[in-house]
**Q** 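To start, I am sharing the structure in question, which I have written as structure tokens.
In this chain, numbering begins with 1 at the start of the sequence shown.
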Amino acid sequence: ACSWIAEYHIDGLRLDATHALIDDSPVHIVQELTQRAREIAGERSIVLFAEDGRHEISRARDIDAGGEGLDGIWADDFHHEVRVLLTNARENYYSAYEGTTSRIAGAIMSGLEQDFASNYHPVGTPITPEDPASAFVFCIQNHDQVGNRPFGERLHHEVSLDRYLTASALFLCAPETPLLFMGQEFAASTPFLYFTDHPEELGRLVTDGRRQEFAGFRMFHDEDLRRTIPDPQAEATFLASKLDPTERETNAGVLAVYRALLDLRRNDAVLAINDRKTTQATALTAQVVALHRWAGIEHRVLIANFGMAIDLDRTALEPMSLEPGHGWTLMQSTSEVVSDETGTAAIEGVDDHGPVLHVPARTATLWAFTAA
């Protein structure tokens, strides 16, 4: 670890499966590695994150507070809930997830869900309000969730572009640390397959083992169908996984959405302050998640609509104590990217409950307003 940081000047480390690093020494190896890495970096700032299957947030707490000093852990509940909502995935570890807008909102509020447990969903040390949003790494794609699929399908290969952009906006506007997997920012058409380059004997075992892993899935009960899973050892498997840089131009609209939202995360008066204490996420309907963030009198409201077009008035937004008004300004709408857009987001005429906020189908809209 020290060599990577001192000799190669990398910016940080992601530690794989820290729950499997068994150490009963007075100082756990994860804590020692973290301390040594920071020492060797000197005044240079580095980040250290852990993938921990126990969802153990204490790893990301200060050593003085009984933690191990990492910057954060991978928090995959958000990914799993979003994926189940969008794709209706139910097999394997996804069986522990409901894929509801309520669960998605809960994951944003707490960083990790802690109100249920199963064989696929361990629950670590209870999360406290003092655990910062930055300690939870969110994603909607990563190398595991894509590469461990039999054909390396990315999320946007399985769902419509408009729903993918809606999920992207919700992901990027949440206060937690966002992890982008290469190519998702321009909706890469290439898969990311599992590929290896082992000696022949080991490689043959890897190929057979890889295909056997999927025998428990209904679609691969048939051995002949399992043979259609790309061979990790084949050069073609590797080449098929390479990104096509020209797609940054052909999918320029998707890239523009990602760039705009990342710019807001860096520079906006509200979204640049990643604080769970000034965040409220709420399921307004079975298809709509509302995300309210604020800093002083400045407010931002993201309406992520995964379903049909909807009109929201004061009554609909009452769970968030919000009231749409003509003081609301539209900052961003994902519907502008999709060629078959179903309408434009707007504050429309007044009904019996005041102004109405119109949100097009399968669209995320980001609004700003200043409180009186």
**Q** Could you see if Val82 belongs to whatever hydrophobic cluster contains Leu179? Use Ile, Leu, Val, Met, Phe, Trp, Tyr and a side-chain cutoff under 4.5 Å.
**A**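 Hydrophobic grouping puts Val82 apart from Leu179.
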**Q** Quick one: do Leu170 and Leu112 end up in the same hydrophobic cluster if we chain Ile, Leu, Val, Met, Phe, Trp and Tyr together by side-chain heavy atoms under 4.5 Å apart?
**A**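 As far as the 4.5 Å side-chain criterion goes, Leu112 and Leu170 are connected within one cluster.
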**Q** Can you check whether Leu193 reaches Phe238 side chain to side chain, under 4.5 Å on heavy atoms?
**A**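 No - every pair of side-chain heavy atoms lies 4.5 Å or more apart.
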**Q** Please collect all side-chain hydrogen bond (donor to acceptor under 3.5 Å, both in side chains) contacts where either partner lies in residues 66-76, sequence neighbours excluded, each pair once.
**A**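 Counting only pairs at least two positions apart or across chains, the side-chain hydrogen bond (donor to acceptor under 3.5 Å, both in side chains) contacts touching residues 66-76 are Arg38-Asp71, His55-Asp76, Arg59-Glu68.
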**Q** Can you name the salt bridge (charged side-chain N to carboxylate O under 4.0 Å, His left out) partners of Arg259, sequence neighbours left out?
**A**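 Partners of Arg259 under the salt bridge (charged side-chain N to carboxylate O under 4.0 Å, His left out) test: none.
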**Q** Please evaluate residues Leu15 and Leu70 with respect to the criterion side chain to side chain contact (heavy atoms under 4.5 Å, CB included), reporting the C-alpha separation (whole Å), side-chain torsions for both, the decisive distance (0.1 Å), and the verdict.
**A** CA-CA 10 Å; Leu15 309 180; Leu70 282 85; 4.1 Å; yes
**Q** Sequence neighbours excluded and cut-off under 3.5 Å, please list the side-chain donor-acceptor pairs for residues 208-217, or say none.
**A**
from   : atom 1 : to     : atom 2 : distance (Å)
Arg210 : NH2    : Gly147 : O      : 2.9
Arg210 : NH2    : Arg149 : O      : 3.1
Arg211 : NE     : Ile229 : O      : 3.1
Arg211 : NH2    : Arg227 : O      : 3.4
Arg211 : NH2    : Ile229 : O      : 2.8

**Q** Do you know which two heavy atoms are closest between Cys139 and Asn142, and how far apart they sit?
**A**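 Closest approach of Cys139 to Asn142, heavy atoms only: SG-ND2, 3.5 Å.
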**Q** Under 4.5 Å between side-chain heavy atoms, counting indirect links through other Ile/Leu/Val/Met/Phe/Trp/Tyr residues: same cluster for Met109 and Ile303 or not?
**A**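 Different clusters.
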**Q** Go through the structure and list residues passing side chain to side chain donor-acceptor pair (under 3.5 Å) with Thr282, not counting sequence neighbours.
**A**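 Thr282: no side chain to side chain donor-acceptor pair (under 3.5 Å) contacts found.
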**Q** Can you tell if the side chain of Val288 reaches within under 4.5 Å of the side chain of Phe306, non-hydrogen atoms only?
**A**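 The answer is no; the side chains never approach within 4.5 Å.
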**Q** In this structure, are over 12 heavy atoms from other groups packed under 6.0 Å from Met308 atom CE?
**A**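 No, the 6.0 Å shell around CE holds no more than 12 heavy atoms from other groups.
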**Q** Would you please name every residue forming a side chain to side chain donor-acceptor pair (under 3.5 Å) with Arg83, sequence neighbours left out?
**A**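 Arg83 satisfies side chain to side chain donor-acceptor pair (under 3.5 Å) with Glu158 once adjacent residues are dropped.
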**Q** Considering non-hydrogen atoms only, spot the tightest contact between Ser134 and Phe49 and give its length.
**A**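 Of all heavy-atom pairs spanning Ser134 and Phe49, the closest is O-CE2, 4.0 Å.
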**Q** With sequence neighbours left out, write down each residue that passes salt bridge (charged side-chain N to carboxylate O under 4.0 Å, His left out) with Glu98, or none if nothing qualifies.
**A**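 Arg103.
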**Q** Taking all non-hydrogen atoms of both residues into account, name the closest pair between Ala364 and Ala169 and its distance.
**A**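 Scanning both residues completely, I find the closest heavy atoms to be CB-CB, 3.5 Å.
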**Q** Could you check if a side-chain atom of Val84 sits within less than 4.5 angstrom of a side-chain atom of Thr87, using non-hydrogen atoms only?
**A**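 The answer is no, as the side chains (C-beta and beyond) never meet within the 4.5 Å cut-off.
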**Q** Run Thr100 and Ser102 through side-chain hydrogen bond (donor to acceptor under 3.5 Å, both in side chains) and show every step you take.
**A** CA-CA 5 Å; Thr100 63; Ser102 296; 4.7 Å; no
**Q** Is the Phe181-Phe192 ring centre distance short of 6.0 angstrom?
**A**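 So the answer is yes for these two rings.
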**Q** Mind running side chain to side chain contact (heavy atoms under 4.5 Å, CB included) on Arg362 and Asn305 for me, showing each step along the way?
**A** CA-CA 5 Å; Arg362 299 172 297 281; Asn305 178 18; over 6 Å; no
**Q** Could you label the plane-to-plane angle of the Phe369 and His292 rings as parallel, tilted or perpendicular, counting under 30° as parallel and over 60° as perpendicular?
**A**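 Taking His292 first and then Phe369, their aromatic rings lie parallel (interplane angle under 30°).
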**Q** Can you list every pair that meets salt bridge (Lys or Arg N to Asp or Glu O under 4.0 Å) and has a residue in residues 125-148, with sequence neighbours left out?
**A**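 Sorted result for residues 125-148: Arg14-Asp144, Arg61-Asp131, Glu130-Lys277.
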**Q** Checking the side chain of Arg90 only, and the main-chain atoms of Ser95 only, is there a donor and an acceptor separated by less than 3.5 Å?
**A**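 Not confirmed, Arg90 side chain does not pair with Ser95 backbone.
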**Q** Do other residues, nucleotides or ligands put more than 12 heavy atoms under 6.0 Å from the CG atom of Asp197?
**A**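 For Asp197, atom CG is not crowded (no more than 12 foreign heavy atoms under 6.0 Å).
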**Q** Hydrogens and angles aside, do Thr285 and Gln287 bring a side-chain donor and acceptor to less than 3.5 Å of each other?
**A**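 Side chains of Thr285 and Gln287: no pair found under 3.5 Å.
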**Q** Please determine, by modelled atom types, if Thr207 and Gln233 share a side-chain donor-acceptor pair under 3.5 angstrom.
**A**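 Note: Thr207 and Gln233 side chains miss the donor-acceptor criterion.
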**Q** Which atom names give the shortest non-hydrogen contact between Phe151 and Thr228, and what distance separates them?
**A**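 Smallest heavy-atom distance, with atoms named: CE2-O, 3.4 Å.
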**Q** Is the ring centre of Tyr93 less than 6.0 Å from the ring centre of His80?
**A**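 For Tyr93 and His80, the ring centres are under 6.0 Å apart.
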**Q** If hydrophobic clusters are built by linking Ile, Leu, Val, Met, Phe, Trp and Tyr wherever their side-chain heavy atoms come under 4.5 Å apart, do Trp294 and Leu271 end up in the same one?
**A**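 Different hydrophobic clusters.
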**Q** Which residue pairs pass the side-chain hydrogen bond (donor to acceptor under 3.5 Å, both in side chains) test when at least one of the two sits in residues 167-190, sequence neighbours left out?
**A**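 For residues 167-190: Ser168-Tyr258, Gln184-Tyr258, Ser189-Glu247.
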**Q** Does some side-chain heavy atom of Leu261 sit less than 4.5 Å from a side-chain heavy atom of Cys173?
**A**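 They are in side-chain contact.
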**Q** Do you know which two heavy atoms are closest between Leu48 and Ala37, and how far apart they sit?
**A**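 Scanning both residues, the minimum pair turns out to be CD2-CB, 4.1 Å.
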**Q** Listed by chain and number, what are the side chain to side chain donor-acceptor pair (under 3.5 Å) partners of Asp244, not counting sequence neighbours?
**A**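 Testing Asp244 for side chain to side chain donor-acceptor pair (under 3.5 Å), a comparison that skips the adjacent residues, returns Thr246.
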**Q** Might you work through the side-chain hydrogen bond (donor to acceptor under 3.5 Å, both in side chains) test for His358 and Asp311, ending with a clear yes or no?
**A** CA-CA 4 Å; His358 176 72; Asp311 292 325; 2.7 Å; yes
**Q** Do the side chains of Glu51 and Ile73 get nearer than 4.5 Å, heavy atoms only?
**A**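 In short, these two side chains do not touch, never coming nearer than 4.5 Å.
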**Q** Check the pair Thr18, Asp52 against side-chain hydrogen bond (donor to acceptor under 3.5 Å, both in side chains), reporting the backbone distance first and the verdict last.
**A** CA-CA 5 Å; Thr18 52; Asp52 197 283; 2.7 Å; yes
**Q** Measuring only between side-chain heavy atoms, which start at C-beta, is Arg276 closer than 4.5 Å to Ile127?
**A**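 Side-chain contact under 4.5 Å: yes.
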**Q** Give a yes or no on this: more than 12 heavy atoms of other residues, nucleotides or ligands lie within 6.0 Å of atom CD1 of Ile29.
**A**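 For Ile29, atom CD1 is not crowded (no more than 12 foreign heavy atoms under 6.0 Å).
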**Q** Mind checking salt bridge (charged side-chain N to carboxylate O under 4.0 Å, His left out) for Glu200 and listing every partner two or more places apart, or none if nothing turns up?
**A**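 Glu200: salt bridge (charged side-chain N to carboxylate O under 4.0 Å, His left out) contacts with Arg204.
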**Q** Quick check against the 3.5 Å criterion: does Arg36 have a side-chain atom that pairs as donor or acceptor with the backbone of Gln31?
**A**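 Such a contact is absent between Arg36 side chain and Gln31 backbone.
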**Q** Going through the distances and angles, do Asp77 and Tyr97 end up as a side chain to side chain contact (heavy atoms under 4.5 Å, CB included)?
**A** CA-CA 8 Å; Asp77 288 348; Tyr97 293 86; 2.7 Å; yes
**Q** Is there a side-chain contact between Val159 and Leu155, using heavy atoms and a 4.5 Å cut-off?
**A**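 Heavy-atom side-chain distance check passes, below 4.5 Å.
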**Q** Please give me the minimum heavy-atom distance between His157 and Ala188, naming the atom from each residue.
**A**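 It is NE2-O, 2.9 Å.
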**Q** Is there a path of hydrophobic side-chain contacts, each under 4.5 Å between heavy atoms of I/L/V/M/F/W/Y residues, joining Leu165 to Leu180?
**A**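 Yes; tracing contacts between hydrophobic side chains, which count when under 4.5 Å, links both residues.
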**Q** In terms of heavy-atom contacts, does CD of Glu235 have more than 12 from other residues, nucleotides or ligands at under 6.0 Å?
**A**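 No, because the 6.0 Å sphere around CD of Glu235 holds 12 heavy atoms or fewer from other groups.
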**Q** Please list all pairs passing the salt bridge (Lys or Arg N to Asp or Glu O under 4.0 Å) test where one or both residues lie in residues 282-304, with sequence neighbours left out.
**A**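 Pairs touching residues 282-304 that pass the test: Asp268-Arg300, Glu298-Arg300.
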**Q** Please identify each residue that fulfils side chain to side chain donor-acceptor pair (under 3.5 Å) with Ser3, with sequence neighbours left out.
**A**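 Ser3: no side chain to side chain donor-acceptor pair (under 3.5 Å) contacts found.
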**Q** Tell me, with the steps shown, if Leu312 and Ile310 meet side chain to side chain contact (heavy atoms under 4.5 Å, CB included).
**A** CA-CA 6 Å; Leu312 302 171; Ile310 190 170; 3.7 Å; yes
**Q** So do Gln332 and Thr365 actually touch side chain to side chain, heavy atoms under 4.5 Å?
**A**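 No; the side chains remain at least 4.5 Å from each other.
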